[in-house]
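Each remark here refers to the structure printed beneath this line.
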Amino acid sequence: METKIINPSLVRLDAELGSTPEEVITSLAAIVTEAGRSTSEAELAAAAHAREAKSHTGVPGGVAIPHCRCAAVTEPTLGFARLKNPVDFGAPDGPADLTFLIAAPEGGGREHLKILSTLARALVNKEFVQSLRSAQSDEEVVSLITDVLNNPPKKKKKKSAEAASGAAAGTAAATATTADAPAAQLKAVSTLAGDVTRIVAITACPTGIAHTYMAADSLTNTADEMDGVELTVETQGSSAVTPMDPAVIEAADAVIFATDVGVKDRERFAGKPVIESGVKRAINEPRVMIEEAIAASKDPNAHRVAGTAAAASSESADSSSSLSWPKRIQQAIMTGVSYMVPFVAAGGLLLALGFLFGGYDMANAWQTIVTDYSLTNLPGHDITVDGEVMTLTKSGFMLYLGAVLFATGQMAIGFIVAALSGYTAFAIAGRPGIAPGFVGGAISVLLGAGFIGGLVTGVLAGFIAWWIGSWKVHRIVASLMPVVIIPLLTSLIVGLAMFFLLGAPLAGIMTGLTNWLNSMTGTSAVVLGIILGLMMCFDLGGPVNKAAYLFGTAGLSAGDEGSLKIMAAVMAAGMVPPIALSLATLIRPRVFTPAEQENGKSSWLLGLSFVSEGAIPFAAADPLRVIPSMMAGGAVTGALSMLFGAGSRAPHGGVFVLFAIEPKIGWLVSIIAGVIVSAAVVVLLKTVWPQKIVEKQAEAAEKQEANA
């Protein structure tokens, strides 16, 4: 197969094309344009930059393969540069000194992909790569590349070679290895027709802030690198959800549900082969999940999303789900927590602002202030409450504003148990479970059962509504089931169960828990702080972390001293991991990968804001060293926060709600101590027990220095 994809005018040896990927790509685009292969240098560079921004094109072996399709390109073209100063294109083993710019016409066909795939397979061959590094002339480089394109390497018996060949040939189910990474990168150049598996995915986490979008990016970037895969993701996060185009769903061969909560409008995917897991698996094992989805799409016996008949009675629960009942209950509770968090965050911060403007002593007079006074009748220092005169530290507009903010926050906080219960039931039974779930939560508040009662009523209402929804009834009655019969019967059963059986015992448990929290001093408080710190740093936003956060926010509305201390300890410990890892990358960057060093530049801000998920990229790449280190610092912070007696009236915000925390110095000291411990431990572990990938990067850097 003769090809003129490259000629000497497209080659530069030992060139200085810049110090960043953007500069190198721009220089290569200029070379391609000067050679007459592109009508616009700017258009070609912009297209290649856009592709690079989507995911890095560096591959193992000191090679980078930036690529794109562009209307300005006149024919399939390969520009090559051997860089005098290697540039980091995001490869796991370090900077690249061999850079190929692959420029394809907008309407390029299958033949050009075959050429590019052949090149990718050749790059697996160390002898070929070394020959490019030792080439003495532009003509020698052209000869080497032309030779491998015209005489593709044959399959070898080694598994890695077979995998690389399979990927290059477009075999979607081939197992990806380090060796076939170039072929996987090159596949993203084109969306040519062929053996393509179309996958749709849903990602969702309890808070809908970090994990949801990280999982989506992880799946998307991995799919871009795989051969024969088209993937579309719908993120069901805390911001507005843009539903997936029904036509995309209809054309899908398989579905991935990477969620820790219920999937909204699950019935849209009825009949599709499905792979289900928690959201963190999509972050840690995106390729494995995609390969499982590919396999499921070709397996007639694969588990499928329940049909529309089942979905009608339970749009969030799938009676044929491959998930176990304990996992489904966990997801249901996480869904409840997910919907509860906005009430907690908005209400808690409004309470804190109320205290900031109106003073802490306003808490006993706020109802009188907001009902008896107005902007034209502002309160003074002396307020009469239930016949008794109270003298407050503030007066006038600031006192009235503080009371209004506090009252608004109280109304929001008043919904948290009902929201927890209602949306837990929703996750199990769909819309028919919402009303009885809210009713059960309201009864829990009335009887003093608190958030424990809310969890119980949510699960109970969900399963009762799901059970009633499974009844086989006449179609005339069926239309009344979801809006009348299921909510009515379920609310009745849950109400009777709470008033007759469960309410008093659950209230007793809640009262005992509250009394215990308020009595905590000394050693017992420190032990609880250690436990909460360990939980907050164990899975960095996962179920264990959320359980600790729920424990912290549950008593916030009561405002008792024990609950405020727990909230402070939970928030402080959750801030430690991102800040500690940012500090560690600054202290000893050589034990971290370039990508981790880059993440470290911004993770400190996430930590200060109490976004624990900022540490996930580090933990996902190296869990055995990172997670224990973070837990050590979290335990120190939790213990010190409780020892200092720090209390927080705000449920979120980190240092930006410092005004709602007392004592401020003790709380900050506890965070600093935990950060130092975590940073020191993670650096120590990575130094005495280095990661293989970091060692390979160091070796590659030494070789490059030696060659230079």
Side-chain angles (χ1 to χ4, degrees), residues 92 210-211 214 280 283-284 526-549 569-643 654-655 667-698:
H211 284 75
M214 294 174 69
K280 288 188 71 175
I283 299 173
N284 298 336
V526 171
V527 171
L528 179 60
I530 292 173
I531 295 172
L532 291 172
L534 292 172
M535 292 176 68
M536 287 299 296
C537 299
F538 174 68
D539 53 1
L540 304 170
V544 177
N545 172 284
K546 288 298 180 289
Y549 182 69
V570 163
M571 184 153 61
M575 294 167 63
V576 167
I579 303 174
L581 287 164
S582 182
L583 178 62
T585 59
L586 181 65
I587 294 174
R588 196 168 177 79
R590 61 180 295 179
V591 299
F592 294 91
T593 65
E596 289 173 332
Q597 294 173 31
E598 193 65 27
N599 287 331
K601 295 177 181 178
S602 60
S603 61
W604 63 271
L605 181 58
L606 295 174
L608 291 176
S609 305
F610 182 37
V611 180
S612 304
E613 288 86 346
I616 287 178
F618 299 89
D622 188 15
L624 295 180
R625 298 170 184 81
V626 171
I627 292 178
S629 305
M630 299 306 103
M631 291 176 68
V636 169
T637 293
L640 289 177
S641 179
M642 296 295 280
L643 183 63
V655 297
W667 189 72
L668 291 174
V669 168
S670 69
I671 295 173
I672 294 171
V675 166
I676 293 173
V677 170
S678 283
V681 174
V682 76
V683 167
L684 177 63
L685 288 178
K686 283 179 173 287
T687 301
V688 301
W689 180 27
Q691 280 181 272
K692 291 183 179 180
I693 187 173
V694 176
E695 288 183 319
K696 289 180 180 178
Q697 289 174 351

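As the structure is a computational prediction, the values presented were derived from the model and not from experiment.
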Just how far is it from atom [atom1] of [X] to atom [atom2] of [Y], taken to the nearest 0.5 Å?
X: M535; Y: M631; atom1: CE; atom2: CE; answer: 10.0 Å
X: I587; Y: L583; atom1: CD1; atom2: CG; answer: 3.5 Å
X: D622; Y: L685; atom1: CG; atom2: CG; answer: 8.5 Å

Close side-chain approach of [X] and [Y], heavy atoms under 4.5 Å:
X: L586; Y: W604; value: no
X: F618; Y: V682; value: no
X: K686; Y: V626; value: yes
X: L581; Y: M630; value: yes
X: T637; Y: M575; value: no

Closest approach of [X] to [Y] (non-hydrogen atoms, all atoms of both residues):
X: A679; Y: A580; result: CB-O, 3.6 Å
X: A584; Y: V683; result: CB-CG2, 3.7 Å
X: R625; Y: P690; result: NH2-O, 3.2 Å
X: G654; Y: M571; result: N-SD, 3.5 Å
X: A572; Y: I671; result: CB-CG1, 3.7 Å
X: A619; Y: I627; result: CB-CG1, 4.1 Å

Between [X] and [Y] (side chain of the first, backbone of the second, donor and acceptor by atom type, cut-off under 3.5 Å), is there such a pair?
X: R588; Y: L684; answer: no
X: S678; Y: P577; answer: no
X: T585; Y: Q597; answer: no
X: S609; Y: L605; answer: yes
X: S641; Y: W667; answer: no

Check: Which salt bridge (Lys or Arg N to Asp or Glu O under 4.0 Å) pairs, counting each pair once, include a residue from residues 572-587, with sequence neighbours left out?
Finding: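 Qualifying pairs: none.
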